[in-house]
> 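I'd like to ask you about the structure that follows.
Please read these numbers as outputs of a predicted model, since none were measured by experiment. Below, read A as the first sequence line, B as the second, and so on, with proteins coming before strands; counting in each chain starts at 1.
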2 protein chains.
Amino acid sequence: MIEKEKNTEEKILEAAKKIFITKGFDGARMQEIANEAQINKALLHYYFRSKDKLFEAVFASVFSHFFPAILEAMQSEIPFAEKIKIFVDSYINMLTANPFLPAFIIGEINRNPETVLAMIKKNMGTKPDFLFKIIADEINMGRMRPIDPRHFMINMLSLCIFPFIARPIITGIFFENNHEASNGFMEERKNEIVSFIIKSISVRSV
Amino acid sequence: MIEKEKNTEEKILEAAKKIFITKGFDGARMQEIANEAQINKALLHYYFRSKDKLFEAVFASVFSHFFPAILEAMQSEIPFAEKIKIFVDSYINMLTANPFLPAFIIGEINRNPETVLAMIKKNMGTKPDFLFKIIADEINMGRMRPIDPRHFMINMLSLCIFPFIARPIITGIFFENNHEASNGFMEERKNEIVSFIIKSISVRSV
DNA sequence: GTCTATAAGTAGATAGAC
DNA sequence: GTCTATCTACTTATAGAC
């Protein structure tokens, strides 16, 4: 059997992921998840006691994708500009593969901020300090204009993530709902964002 | 009577706005809206036939804030850098006054993209073309590096809006939920974003 | 483990008195 | 216009057979 038969728990999680991501917690129906998983409702409760528990399981699984392992690559001894390029490329690749991730996480942030915050803190560990150190070093070496590392990180994340959040609008307005064209545009953004950031941190005065 | 008594319809709209914005369409309850408006459920249906109609009314009202009238100011004969500053300042002021607006609109974009898209198109009119022309002129005059106006607009909006979407996270991680400090940070971003953009569009090579 | 049937509670919406 | 009471449909969750 060529890995075609998944066990029931996996089938449920996969189905729940699809429904929760597209409908949100409140909009999702246990019946719809059961249909999607091709089982009946009672079995959902057998595996995951309640809708809440099922959502938690899905969120934890989905959330783990949100901090690409690529952060590790930023430790290497390559130039800062290369690190930015790796970060942006990786993030946009991840979002292209999981376009609904940002909206899903935002929904949960608003529904349940404390829980999400705790998960983020746990997931990041000491990474922020580490990133801040890289930036501080770069500034001290005179290779980057002085800039609050917090603002810098937020700027970088904003440029990567927001377009995917606003994607239905962008695709509708700029590309008349042509998704291929929209994909190409997102691909373009990789270089666009890197250029934008690199220029903006240059030490030369304008 | 010093404008203290609002008519019922206004009371309902205000209450509905509060509940829909914090809970989303699916999470909001007509009963909760009625309580908030200090009336009973039946009256909600008397004024607005259904939950859908009530939401539509709220969304249309809220949505109108999303395109600050400040776009008009960008027509004036001031330098491009000044226009950017006005745009960013206005947008962040608006978002500071309405912090939940972005998440609310994103929720509706995902629930009902076509309707939102239609509203945006209607609201913007010919403004995008107008903005694109300003940018194209700036590039042709050699005062701005060549950059796709669509990317430029999205970059500017990303830097302004995204931090408000991610605000619960930012406030939690950087400011241990101290909202005053977080407000100060958002205020700082005005200058931060403008510097970031101005440098990034400079024609001087890095 | 998986199913059918059903309980228990809640939602939006309406009827009808005042 | 505003209220109370109620209908109908749907939702999560459980009981119990196999």
Side-chain angles (χ1 to χ4, degrees), chain A residues 1-62 104 107-108 110-112 115-116, chain B residues 1-62 104 107-108 110-112 115-116:
Chain A
M1 210 179 298
I2 322 159
E3 185 62 34
K4 181 70 184 178
E5 295 288 55
K6 295 208 178 100
N7 67 40
T8 307
E9 188 170 338
E10 277 169 3
K11 274 191 345 197
I12 293 175
L13 274 174
E14 205 169 298
K17 183 173 161 180
K18 178 173 172 184
I19 303 300
F20 276 134
I21 283 182
T22 52
K23 304 285 179 74
F25 178 83
D26 292 317
R29 295 289 164 253
M30 294 297 265
Q31 183 61 59
E32 201 178 355
I33 295 173
N35 293 346
E36 179 74 27
Q38 289 176 302
I39 53 155
N40 64 73
K41 242 189 336 177
L43 213 48
L44 291 183
H45 289 89
Y46 175 80
Y47 277 91
F48 303 85
R49 247 171 54 75
S50 66
K51 186 182 181 182
D52 269 290
K53 300 275 184 201
L54 178 55
F55 183 85
E56 276 176 38
V58 167
F59 188 79
S61 143
V62 168
F104 176 63
E108 183 59 4
N110 281 41
R111 206 177 66 90
N112 203 347
T115 306
V116 179
Chain B
M1 206 179 302
I2 321 160
E3 185 62 32
K4 181 71 182 176
E5 298 286 56
K6 298 213 175 95
N7 68 38
T8 307
E9 188 169 338
E10 278 169 2
K11 275 193 340 197
I12 292 175
L13 273 174
E14 205 168 298
K17 183 173 161 179
K18 178 173 172 184
I19 303 300
F20 277 133
I21 283 182
T22 51
K23 305 286 179 73
F25 179 83
D26 292 318
R29 296 289 164 254
M30 294 297 267
Q31 184 61 59
E32 200 178 355
I33 295 173
N35 294 344
E36 179 74 28
Q38 290 176 302
I39 54 156
N40 63 72
K41 239 184 346 171
L43 214 47
L44 290 183
H45 287 90
Y46 176 80
Y47 278 90
F48 302 85
R49 247 169 55 76
S50 66
K51 186 182 181 184
D52 270 290
K53 301 271 185 206
L54 177 54
F55 184 85
E56 276 175 39
V58 168
F59 188 79
S61 142
V62 167
F104 176 63
E108 184 58 5
N110 281 41
R111 206 177 66 90
N112 202 346
T115 306
V116 179

> Provide the full list of ring pair (Phe, Tyr, Trp, His ring centres under 6.0 Å) pairs with a residue in residues 27-55 of chain B, sequence neighbours left out, each pair given once.
B:Phe20-B:Phe55, B:Phe25-B:Phe55, B:Phe55-B:Phe104
> Starting at CG of B:Leu44, measure out to CG of B:Asn40 and round the result to the nearest 0.5 Å.
7.5 Å
> Tell me the interatomic distance from B:Lys51, atom NZ, to D:dC10, atom P, rounded to whole angstroms.
15 Å
> If you look only at pairs with a residue in residues 49-60 of chain B, which of them pass as a side chain to side chain donor-acceptor pair (under 3.5 Å), with sequence neighbours excluded?
none
> Give the C-alpha distance, both sets of side-chain angles, the deciding distance and a yes or no for side-chain contact (heavy atoms from CB on, under 4.5 Å) between B:Leu54 and B:Ile12.
CA-CA 9 Å; B:Leu54 177 54; B:Ile12 292 175; 4.1 Å; yes
> Flag the pair A:Lys11 / A:Glu14 as yes when at least one side-chain heavy-atom distance between them is below 4.5 Å, and no otherwise.
no
> Any side-chain N or O of A:His45 below 4.0 angstrom from OP1/OP2 of D:dA13?
yes
> Reading nucleotides 1-8 of chain D 5' to 3', which nucleotides get B (base under 4.0 Å from a protein heavy atom), which S (sugar-phosphate only), which -?
BBBB----
> Could you tell me which residues satisfy salt bridge (charged side-chain N to carboxylate O under 4.0 Å, His left out) with A:Lys17, sequence neighbours excluded, listed by chain and number?
none
> Using atom types as modelled and distance alone, determine if a side-chain donor or acceptor of B:Thr22 lies under 3.5 Å from a backbone N or O of B:Lys18.
yes
> Where along residues 52-62 of chain B does a heavy atom come under 4.0 Å from DNA chain D, residue by residue in number order?
none
> To the nearest 0.5 Å, what is the distance between CG on B:Asn110 and CD on B:Glu108?
9.5 Å
> How long is the straight-line distance from NZ of B:Lys23 back to CG of A:Asp26, given to the nearest 0.5 Å?
9.0 Å
> Can you tell me how far CG of B:Leu13 sits from CG of B:Asn7, rounded to the nearest 0.5 angstrom?
9.0 Å
> By a strict heavy-atom criterion of less than 4.0 Å, which residues belonging to residues 24-34 of chain B are in contact with DNA chain C?
B:Ala28, B:Arg29, B:Met30
